Amino acid sequence: MVSVLKRSLAIITLLIIGYWLAQGLAGVPFGQDKMLVGHYYLDHVKEQTGAVNAVTAIVVNYRGFDTLGEVTVLFIASTGVGALLWERKKRRTAKTEGSIVLTTGTRLLVPFVMLFGAYIFIHGHLTPGGGFPGGATIATAFLLLYMAFTMYEIPHKAFEKTEGLVGMGYVIVGLIGLAIGGYFLFDWIWQTWGWGHDNIGRLFSGGFIPIIYILIGLKVGTELSGIIDNMLKEGVKE
Amino acid sequence: MSVPNISAFYFGAISLILIGLYAVLVKKNILKMLIGLSIMETGVNLLLISIGYISGKSAPILSEGIEPNQAVDPIPQALVLTAIVIGVATTAMTLSAAIVLYKHYGTLNVEEIRRLRG
Amino acid sequence: MFDWKLALEAIGMVIYATFMGFIFMGIERKAMARIQRRIGPPIYQPIIDTLKLLGKKESVSHGLIYDFGPVFALGASITALLFIPIANFQLFSSNADLIVVAYLLEVPMLGIMLGAMSSGNPYSALGVQRGLLTMVAMQLPYGLALIALIQHWGTFKLSNIVALQQVHGWSITVPALLLAFIVFDIVFQALLGLEPFDIVSAPAEISMGPMVEYGGKHAALLFTQHAVQLFAETAFFAVLFLGGASNLLELLVKQIAVLFIAIFVASIYPRFTIDQAAKFFWKWPTIIGIIAVLLTM
Amino acid sequence: MNELMIMLFAPLVAGFIAWALDVRGIREAVGVLGTLVPLGVLAKYYSTIAGSNPEVVTQTITVGGFKLIFQLNTISWYFATIASLIGVAMAFGMVSTSRSSYEWLFALMSYTGVLGVFLSGDFVGFFLFWELMTFASFMMVLKRSRHESLKYFVLSVIGAYAMLIAIGILYAKIGALDFGTIRQALYMDAMLGSISKSLTALVFLLFLTAFGVKAGAVPLHVWAPGAYSEVDQSYTAFFSGALSKAGAYGFLLLYILMGAKLVAALGIWHNHMVFSYIIAWLGAITVVVAGFLAVLQEDIRKLFAYSSVSQVGYILLGLGIGTPLGFTGALFHVLSHAVFKGLFWLVVAALVLRTGKTRFEDFGGLAEKMPITFAMSLIAVLSLAGIPPMAGFASKWLIYEAAISAHMPLVAGAIFLGSALAFAYVVRFLYAVWFGQRPSDLEDVKEAPLPLLIGMAILAIPNIVFGVAPGLVTEYLGKFLGNPVGGNYYKLVTPTGTYNALLVAVLLVFGLAIAGLIFIYGAKTRRIPVTNTYQSGNPVTEDYNLSMRRNFYRPLAEALDFWLKYSWDRFYERLAGIAEDFADFLREGFYNGNVQSYAWYLAVVLLILALWGVL
Amino acid sequence: MNGQYASLLIALPLLGAFFVPLIKGLGKKAIKTYVLIITAIQTGIAAWVFQQVYSTGKPIIVMAGGWRPPIGINLYIGHFAALFVLIVAIASFLMAVFNFKAIDVEPIDKYAMLFLLLMLGATGMIATGDIFNLFVFMEITSITAYALTAYNKTGEAAEASLKYMILGGIGSSFFLIGVALIYGATGTLNMAQIAQLAGNIDPTVAQVGLALIVFGLAVEAELFPLNAWAPDAYQAAPHPITAMFSAFVVKAGLYAMARILYLMSSVGTWHNVLKLLVVMATLTVVVAEFSALRQRNVKRMIAYSSISQVGLIALAFALGTQAGVDAGVFQMINHAIIKALLFLGVGYVAVQLGGADIENFHGLGRKMPVTAFGITVGAMAAVGIPLFNIFWSKLRIILATVEAGYTWAAFLVLAASVVEAVYYFRLIHAIWFEGEGERISESIPLVAIVVALVILVVAIGIYPNYLWSVSQKAGSDIFNVAQYIKNVPLMGVGA
């Protein structure tokens, strides 16, 4: 009896909150151009960052600080999961081997999936998507391997080291920007050295965006697979 | 007290948020609450994106054909990119905490997990 | 600077007061006996008793404080006496007022208590307890009566009060002060330790209360103290309510009148126990006192 | 750093040094020195304060953005000297009774607190030292008993915080914190009335609670018996002698700062200022209730604790009368109470130190064993009971005069009853401790140690000096009260009555001489030990040791049983119990450990925001 | 060394955290010393920044990526941020020392990473000048906090961290909705520009947006109904982490709330948001104090006391007056010091005597005299005894509250602090005058820290002038929005 009362009460509360939010959103009409800073970005993205994809330019260059924070969040997630599920010795819990279709399929697909992931984050500044989606696709490759084989384990010692190295790489890129351009995360390749000004829209353009996205791609790939690895294992009672 | 006429996308986003909150408020099982939490996060992300949309304009990839004034607002899309990853991080953390919890308590029912109180 | 006339007056007054005090004690015993239809001892009997006690060959003492008690009591009574304007002799009353005299009249109680306590006799301790409780009980109505008086006459000085009474008539003529008179009269019984409130030295029960251990010259001292106290109390009563006196004889008549009121009341009423006395004092006398005080505000 | 600051912080610094060094000899020396410094500085300033052209010594320091003003004028000099006098006596007492440096630290810290309260010229300093004083005395009590100390601390902190709110209100309305500006602003405001009547009443009530707790007025006196008895007794001399005076000083401050405003706001009733009438009645009730409670106590410390509360009731009463005569009486009683109560507590300290007992039934017949202490306690008894030649009587006489001439008869009646009760419980103390049969285990009791005796002497002398020559005090107090009391050093003349202390003393001696002559001419006396009285010669064995030390006033208790059913103590204990249960209910109810209910709390807040937004 | 090097404040902990997996093999002691070194360097930089800002008087504006705001994200290190980043750094350094003794649960390298990133998150939240960046740093702090709360891997720790995650998740989602609304209405994410445009945006949007943002941050800043997770999280987390929670993590959330609250002060419904916050803050103080009254676990008791004191700071900020904000900042600093001292002491006792129950504290005065002395001074200071530091700030807050007209709030707060006095003095009595025990040796570095903190507390108590002038400058940094807008070099952007 109590739960019915509780449910109805919840519904009423949520409806009122919903009405309130709707009233708030009514002031922000859908579909109208509400941009202020957005126009500046759209007008100047090409010559200031050399990237065609405005979102990537904003994510890496204009608001690079967010992404730095963003990478840290994911790093914290993987360390946190690692810390929480930590056991002295762990082994896989999978019992049944993948079916023939799955195992052979994975053997065939894994390299291509990884390649496609690499493609996404290398062309971040040109095509939609960037470091994060690229990294995620690589992680799916490893997930595929986990599902197919009961004994397969990612080399998590090496992965942790790559995570650390790549993270440091990102910060060092920022520090180089500070050293050269005087500002932390300053795109010294595009601004000071002026490489790739002529071939906007092609691969070697967009300042340090590709470099950062490669670093992010690797980092996200290793982290997500690390999380998957931690979750798919169980502690061994010695 | 007129019913505010908001577009379908806002309506969709708000209802997703409310459904997520409903799950957290009512469901007894911890996992269901976590699912509710991630629904809410997706609802928020949808809201964030739909605020940035300008009807009749295309994605902010300024390849040859698209002029700056034809692109949608890029900032919310950048923000959502970060928000999604944060959503992933929070869900990963909550799930691992739930795993540890289950190992120690043997149950996922919210009523029983009350050792720390008062 | 030391004016001899005042000193002589003082000493003369002390002797006169002691003598008259003993006579009052004699009258008291004589009147009580007469009421009970027996002859009773001659009125100068107390003087003879005191001289007999003084003449005793040897007196028992329980330490320094035991001796100091009665001496202090008598000294305090004499001091109190000297501050009351007796008839036309002003003595030292210009230097102290009603509150000081009221307190000085209570100081001998402390002397007796000191002596009684140091005697180590449980009965005397019982007497001390009863004496203190009576004092606590009667203090409130006693105070209220005095306050009513002061408020009416507007001054604390006894000499002024006497002068005002000469002019405006005695205090008891004023209705409010009549109530105060009644209260003061009831309290007067307890002050003298007469019948309804003589639990302090209840003769039948603990034979003379605090003074049970006293004999010889200590008892003599206490008797003299009682005499001086009696004279001082009655004089105080007369000064306050009966308009003082222009000469000693008129004062004597008033004092004896007051004494007789007390004796008649004493011979009628049985003895109150202590908590009855306390309850009684805090009921009627206090109420009358409060009315008197409010009337004179 | 001029002398004012040295004087103020010397005890605190000495306390820290004594606490840090913690070496038997040095600790005591530093402690005593710490208490002597303020007395010395005050003496030096006597000429400037009370001299021909009195000028106020001020010293301002800015601490944490607040400007703290310290001033030494006639009133603060008076209170500070009393406090330092008691402080020195306490220090001498503590030399023999206190063992640990912990006690020296906090005793001297409370000493600085009291001095700070008396000297500060603005509310921040006042509040700071008020809290410091409360905290230090609390720590002294905490060492011995948790329950009593917490009861004391909660009540005095409630008082302190009530004062803080009142200060806040005044600060909000006037914008200044120092006494000068506030006094000026409130004086002007009395006419304009910008501060509303109800607000002034609230401020008055808050200040009343704050100072009532510290002075121990009846409803808030509950902490006094416990706190006074659970502390090293020679510190209690200071605790009840000086600290309760801070409460009285507070009430005086109330008059100085807000007098005009309070009259304007609360009005006049039967030509008594309403607010002072309340204070007078508060004092009267305290005198009577605490007197009755004191009489019925079985523990020597509890008796003197209640007696101390009752005596402070006199001071409140005096202040409550509101006439200059009333103020003189009250302030004189501040001095006499501090002096004779301090003396009593040092006597109790000596008794507890030597016998280790505190209940009346264990004492008896110590007069021979501790003669000097007995003599000191006799002086204190005479002074407290208000026997004429003593200081106690002079101040009580002034209060009588003031009360009756200010047409407050019922209040004067309360004083009569109160002083009788005082007489009763003081004589009871004399009997139970000094006279009667001595229990066997008290045979080897020695006289009190020398420093304690010095402490007692320090306090006994003023009793006699100001008793015989009360004019000294009234003449000094007259400086800032427009000398309502005339007469020279040994004679007090008020418009309605006179009291010649010297003459009374002389005549008392004259009377004693006469009685002594009669005594000497009588027969020679034979000295008999106290034991063979009612046993006609047979030795009094232990089980026959009939003495009336236990519940000496049983009949009075029977007479009052109707009133004794109610006790403030039980009322406060129940209140504390309710508060703790409410705390438990709140904790169990709100933090019930279920995540879902926590989520519900979030939803409820959102709902509140929504409803409030939508409406 | 121009102002931009202040960005090292963010870069250094990040670099340190990423470096940890590489030195994982060197063993626990090496990692802990490594963390100590990083926090020491961070303190150095923070001190340099503090000295820079307070000597020149002008805030340092770090422009990430070289873009002037509102285009790029800027770090606004004003008087408050400089001060508080220094406090964060020092507190982390002290707790890094405490790590040696307190932490022995297994994956120490992961603990080191999370420890550094918690410090980073708090520093970021305080320094940032962009609301979405604030959201990112808030997430960094909360997720590290979730991980660290559950670090001990006991049942209770997991339960506490789960509660924290669910409530924190809801809070941050609604915060993000608020950010979205504000972005939708103003079109920019930079705080200074929002402050400029806040006046003329649609009132309902502003009201909903502001309410949601304040709600989101209130969950982080532990206001009354939303702080149900806090006592459990404080109790279950490892001891140094609890100290960091109460010393600066909560305060970062509180500062962010205050900063945005005052930025949006030109919004129509600003005043009744303040009134609601005053009510919530007073209830926080009262409920937390009463709940601490009969606590058996001393750590949970001090957690409640910390929540209530943070509620007091929230009350000071919610008054809406300059005096209130200054008092709030002053209390923030004092509270950080004494809570670091208290949690350090209690944590160390729990480590030495196994468990933080009141029984272990009986006779602590004899077992661990210096720690006991530290706890006693901390407790006495927390209650607001004169000659200690909290007295001045609590006095300031009460005066400001009554001045702002909330006499009832002052009354409730003072009633609550009476309750606080009761349970703290029960603890002191238990420590010094109950039970017995023989002396246990105490580690030198921790004793040094306790003594240093005690000296600091007493020093501020006796001479608060310098700290008061610092907190006045910091207070005006938050309160004086016009000055804030002038300081930030906004480009003339916009349609």
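Note that the structure is predicted; figures quoted are calculated from it, not measured.
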Checklist entry - Distance from Leu212(E) atom CG to Trp20(A) atom CH2, nearest 0.5 Å? => result 4.0 Å
Checklist entry - Considering all heavy atoms of both residues, which atom of Arg63(A) and which atom of Asp130(E) are nearest to each other, and what is their separation? => result NH2-OD1, 2.7 Å
Checklist entry - What part of Met63(E) is in contact with chain A, defined as an atom under 4.5 angstrom from a non-hydrogen atom: side chain, backbone, both or neither? => result both
Item to check | Portion of Phe19(E) that has a non-hydrogen atom of chain A nearer than 4.5 angstrom | outcome: both
Checklist entry - Are Thr72(A) and Val136(E) side-chain neighbours, meaning at least one heavy-atom pair lies under 4.5 Å? => result no
Checklist entry - Does the side chain of Glu160(A) come within less than 4.5 Å of Lys110(E)'s, by heavy atoms? => result yes
Checklist entry - chain A heavy atoms under 4.5 Å from Leu75(E): which part of the residue, side chain, backbone, both or neither? => result side chain
Item to check | Selection from Val28(A), Asp66(A), Val73(A), Leu185(A) maximising heavy-atom pairs under 4.5 Å formed with chain E | outcome: Asp66(A)
Checklist entry - Under a 4.5 Å heavy-atom cut-off, does chain E meet the side chain of Gln32(A), its backbone, both or neither? => result neither
Checklist entry - Do you know which of Gly174(A), Ala83(A), Gly69(A) has the most heavy-atom pairs under 4.5 Å to chain E? => result Ala83(A)
Item to check | Residue pair Leu36(A), Gln193(E): steps toward the side chain to side chain contact (heavy atoms under 4.5 Å, CB included) verdict | outcome: CA-CA 11 Å; Leu36(A) 183 69; Gln193(E) 200 166 23; 3.7 Å; yes
Checklist entry - Ile143(E) versus chain A, heavy atoms under 4.5 Å apart: side chain, backbone, both or neither? => result both
Next on the checklist: Are Phe18(E) and Glu163(A) packed together at the side-chain level, in the sense that at least one heavy-atom pair is separated by less than 4.5 angstrom?
Outcome noted: no
Item to check | Heavy-atom pairs under 4.5 Å with chain E, option from Gly64(A), Gly82(A), Gly177(A) with the top count | outcome: Gly82(A)
Item to check | Trace of the side chain to side chain contact (heavy atoms under 4.5 Å, CB included) decision for Val71(A) with Leu14(E) | outcome: CA-CA 10 Å; Val71(A) 162; Leu14(E) 212 54; over 6 Å; no
Item to check | Closest approach of Phe75(A) to Pro21(E) (non-hydrogen atoms, all atoms of both residues) | outcome: CZ-CG, 4.5 Å
Item to check | Leading residue by heavy atom contact count with chain A [cutoff under 4.5 Å; candidates Ile140(E), Thr204(E), Ile10(E)] | outcome: Ile140(E)
Checklist entry - Between Leu84(A) and Lys153(E), what is the shortest heavy-atom contact and its length? => result O-CD, 3.1 Å
Item to check | Contact summary for Gly27(A) and Val205(E), nearest pair of heavy atoms | outcome: CA-CG2, 3.3 Å
Checklist outcome for this item: Counting heavy-atom pairs under 4.5 angstrom with chain A, the leader among Gly184(E), Ala147(E), Gly65(E), Ala64(E) is Gly65(E)
Checklist entry - Given a strict heavy-atom distance threshold of 4.5 Å, which part of Glu70(A) is in contact with chain E: side chain, backbone, both, or neither? => result backbone
Checklist entry - About how many Å separate CG of Leu175(A) and OH of Tyr5(E), when rounded to the nearest 0.5 Å? => result 9.5 Å
Item to check | Part of Ser7(E) within contact of chain A (heavy atom distance under 4.5 Å) | outcome: side chain
Checklist entry - Is chain E contacted by the side chain of Leu25(A), its backbone, both, or neither, given a heavy-atom distance below 4.5 Å? => result both
Item to check | Gly66(E) versus Phe186(A), closest heavy-atom pair with distance | outcome: CA-CD1, 4.1 Å
Item to check | Segment of Leu120(E) engaging chain A (4.5 angstrom heavy-atom cut-off) | outcome: side chain
Next on the checklist: Using side-chain heavy atoms (C-beta onward) and a distance below 4.5 Å, is Thr79(A) in contact with Val20(E)?
Outcome noted: no
Next on the checklist: Determine whether Gln48(A) and Trp67(E) satisfy the following criterion, side chain to side chain contact (heavy atoms under 4.5 Å, CB included), listing intermediate values before the conclusion.
Outcome noted: CA-CA 10 Å; Gln48(A) 279 186 345; Trp67(E) 309 106; 3.4 Å; yes
Item to check | Asn74(E) side, atom CG; Tyr183(A) side, atom OH - distance, nearest 0.5 Å | outcome: 12.0 Å
Item to check | chain A contact via Leu114(E) - side chain, backbone, both or neither, heavy atoms under 4.5 Å | outcome: side chain
Checklist entry - Which answer fits Tyr170(A), side chain, backbone, both or neither, if we ask what part of it has an atom under 4.5 Å from a heavy atom of chain E? => result neither
Item to check | Close side-chain approach of Phe132(E) to Phe65(A), heavy-atom, < 4.5 Å | outcome: no
Item to check | Options Tyr41(A), Tyr62(A), Trp188(A), ranked by heavy-atom pairs under 4.5 Å with chain E, top entry | outcome: Tyr62(A)
Item to check | Nearest atoms (heavy-atom pairs only) where Val208(E) meets Gly24(A) | outcome: CG2-CA, 3.8 Å
Item to check | 4.5 Å side-chain heavy-atom contact, Ile71(E) and His44(A) | outcome: no
Next on the checklist: Are the side chains of Thr186(E) and Lys34(A) in contact, using a 4.5 Å heavy-atom criterion?
Outcome noted: no
